[in-house]
Amino acid sequence: MMETVYQPYCVDPQLELLIERIYPPRVCIDNDTFPDCTLLKVDSANKHGILLEMVQVLTDLDLVISKSYISSDGGWFMDVFHVTDQFGNKLTDEGLIHYIQQALCASRREGSSRTARMCNMGKKGLSSEHTAAEITGTDRPGLLSEIFAVLVELGCNVTAAVAWTHHKSAASIIYMEEGLNGGSIKDPMRLAHVQEQLENVVDAHNGEGETSNVRLTSPSAGRTHTERRLHQLMYANGDYKLCCCRDDSEICKKGCTRTHVRIESCKEKGYSIINIKSRDRPKLLFDTICALTELQYVVFHAAVSSNGTIADQEYFIRHKGGCILDSESEKSRVLQGLVAAIERRVSHGLRLELCALNRVGLLSDITRVFRENGLSISAIDVGTNGERAVGSIYVTDASRHDVDVDPQMLELVLKEIGGSVAIVQGPSNRDDQTSSSRVDQGTKVTRVEDKPKFSLGNLLWSQLERLSSNFGSIKS
Ligand SMILES: *[C@@H]1O[C@H](CO)[C@@H](O)[C@H](O)[C@H]1NC(C)=O
Ligand SMILES: *[C@@H]1O[C@H](CO)[C@@H](O)[C@H](O)[C@H]1NC(C)=O
């Protein structure tokens with residue numbers, strides 16, 4: 001049993017509002033102090049979940065956070081982020097700065113709903129008129145390909161798809177609209193039919209004790225941030241169970257060895273202290289704070305830093321109810337949850353960048369060719385931007401080993417994907433120019449070693465102006 005040593009810090013919402021009116025949040029953007037990064041300082045009255053919301057804003061813009069100090073004791077929240085854009089540049093764009101200021105304050109003001117709405121708007125050209133399919137199940141080669149094929153058969157246009165695989169679990173969120181008339185699927189009969197067909201595909205190869213779940217959500221239901229939702233789905237599907245790190249000294253089983261989590265309790269001060277060492281990667285801070293929030297922990301202090309390779313995160317936390325983390329079972333729950341949250345996004349295999357003229361069945365065709373050639377998709381993040389389908393696809397061999405895919409095989413597969421496919425080998429290839437000019441007629445799949453060119457963040461960037469002007473009109 002956990003011992004309650006502290007009162008919950010949550011205050012009456014009315015009081016929160018009052019405090020907020022007296023002390024509105026402040027965002028300070030400082031480009032002078034450091035030569036190589038922008039300092040982002042935020043301070044405001046505290047509120048549960050505010051840290052996650054703010055990190056979410058920065059993460060959705062693909063900003064890289066190299067250092068962060070967080071302090072939120074006593075009803076007050078202060079945070080300093082050292083950030084650059086994904087190319088390592090300081091943030092100098094006026095529109096971007098304005099957007100960040102407004103978005104951070106908005107997340108403070110209205111909670112995640114506003115941020116989610118905003119993201120849906122900017123992201124992948126998603127309007128609110130989409131049906132979302134949330135699918136979880138046992139990971140197997142070809143699963144995504146079968147899902148996309150069924151959706152083509154059913155006449156549903158996929159407008160965005162995000163999927164992760166981790167250990168034996170797979171989770172995906174697919175946004176789609178009616179292929180004929182557009183918009184979400186409204187007819188309840190049809191909705192049930194689509195759901196049933198998807199279930200058939202996902203359940204088809206379930207072994208004993210393996211479960212899967214398909215849920216279609218309408219646009220009206222308040223949607224959670226997509227990646228936060230993926231974390232929830234994976235967790236609910238039990239992908240953390242194989243992350244068996246019970247003890248800091250124990251070398252964990254395959255797949256978890258790169259993340260080390262240590263939990264200590266400091267009874268006098270009333271905190272649990274969590275130290276995490278892992279390979280650094282984009283969105284690590286978001287994933288970690290997301291896990292702590294989902295596990296119902298509140299971060300009071302944190303120091304996060306990275307030297308480019310290794311990230312070191314230290315959190316002083318308490319349970320939402322005020323307790324520290326002192327039972328062994330609770331410790332191991334938090335440990336597993338954190339390790340899984342950090343590991344599940346680590347994409348295995350080779351990343352391909354997709355940029356293609358969109359057409360009915362494009363994703364279904366691409367994923368089918370991979371499957372037929374013994375390649376498996378370990379993660380996907382694609383969307384549509386106007387006429388084009390853009391995004392990243394990670395492929396591995398069917399055994400899901402973290403080995404490189406045979407390049408010759410890959411070449412063959414890429415050729416097979418379409419008659420008019422232009423293949424570009426790496427971003428700096430001389431043929432790039434000529435290929436790009438042909439892109440309008442075909443599909444371009446690029447093998448890349450560097451950071452993705454497409455990302456949700458990029459699309460958000462392209463919408464900055466519109467978003468900023470929207471903010472203008474709601475300003476209080
Ligand atoms: C569905 O996708 C196809 C191919 O991209 C497009 O031609 C069609 O207009 C789309 N349907 C709607 C309603 O947008
Ligand atoms: C970062 O730190 C780790 C361990 O603390 C070290 O092994 C690694 O070489 C460092 N990397 C850089 C780029 O300094």
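Nothing fancy with the numbering, it's 1 onward along the sequence.
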With the side chain counted from C-beta on, respond yes when [X] and [Y] share a heavy-atom pair under 4.5 Å apart, and no when they do not.
X	Y	answer
Val57	Glu53	no
Val395	Ser376	no
Leu284	Asp280	yes
Leu292	Val299	yes
Leu61	Ile100	yes
Glu227	Phe286	yes
Cys28	Gln101	no
Ile377	Leu143	no

[X] bridged to [Y] by N-O distance under 4.0 Å:
X	Y	answer
Lys168	Asp139	no
Glu146	Arg368	no
Asp239	Arg344	yes
Arg262	Glu264	yes

Do the side chain of [X] and the main chain of [Y] share a donor and acceptor less than 3.5 angstrom apart?
X	Y	value
His319	Gly321	yes
Asn46	Ser72	yes
Thr159	Tyr175	yes
Asp85	Phe87	yes
Thr38	Lys90	no
Arg281	Ile342	yes
Gln195	Val214	yes
Asp79	Val42	no
Ser68	Val80	yes
Arg229	Ile173	no

Going from [atom1] on [X] to [atom2] on [Y], what distance comes out if it is rounded to the nearest 0.5 angstrom?
X	Y	atom1	atom2	answer
Leu40	Leu58	CG	CG	6.0 Å
Ile135	Leu216	CD1	CG	8.0 Å
Gln56	Thr293	CD	OG1	9.5 Å
Ile263	Ile273	CD1	CD1	11.5 Å
Leu335	Ile274	CG	CD1	8.0 Å
Cys156	Leu151	SG	CG	5.5 Å

For [X] and [Y], which I'm curious about, is there any donor-acceptor pair between the side chains at under 3.5 Å?
X	Y	value
Ser169	Asn237	yes
His225	Asp60	yes
Tyr315	Gln313	yes

Next on the checklist: Is there a side-chain contact (heavy atoms from CB on, under 4.5 Å) between Val55 and Phe81? Walk through the geometry before answering.
Outcome noted: CA-CA 9 Å; Val55 171; Phe81 299 101; 4.1 Å; yes
Quick check: closest heavy atoms across [X] and [Y], and the distance to 0.1 Å?
X	Y	result
Ile185	Met176	CD1-CE, 4.3 Å
Phe148	Ala161	CZ-CB, 3.9 Å
Ala291	Leu338	CB-CD2, 4.0 Å
Ala171	Thr136	CB-CG2, 3.7 Å
Lys320	Val298	CA-CG2, 3.8 Å
Ile324	Ser265	CD1-CB, 4.0 Å

Item to check | From CA spacing to verdict: side-chain contact (heavy atoms from CB on, under 4.5 Å), Val304, Ile65 | outcome: CA-CA 9 Å; Val304 175; Ile65 304 170; 6.0 Å; no
Checklist entry - Taking the six-membered ring of Tyr297 as reference, does the NZ or CZ atom of Arg318 fall below 6.0 Å from its centre and within a 45° cone about the axis? => result no
Next on the checklist: Can you classify the ring geometry of His82 versus Tyr69 as parallel (below 30°), tilted (30 to 60°) or perpendicular (above 60°)?
Outcome noted: perpendicular
Next on the checklist: Before you tell me yes or no, could you show the steps for Gln232 and Glu294 under side-chain contact (heavy atoms from CB on, under 4.5 Å), namely the whole-Å CA-CA distance, both residues' side-chain angles and the distance that decides it to 0.1 Å?
Outcome noted: CA-CA 8 Å; Gln232 292 171 347; Glu294 296 293 344; 2.8 Å; yes
Item to check | Partners passing ring-ring contact (aromatic ring centres under 6.0 Å, His included) against Tyr235 (at least two apart in sequence or in another chain) | outcome: Tyr240
Checklist entry - Could you walk me through whether Phe300 and Ile317 pass the side-chain contact (heavy atoms from CB on, under 4.5 Å) check? => result CA-CA 6 Å; Phe300 285 83; Ile317 60 161; 5.6 Å; no
Next on the checklist: Before we go on, tell me: are the rings of Tyr271 and His301 under 6.0 Å apart, centre to centre?
Outcome noted: yes
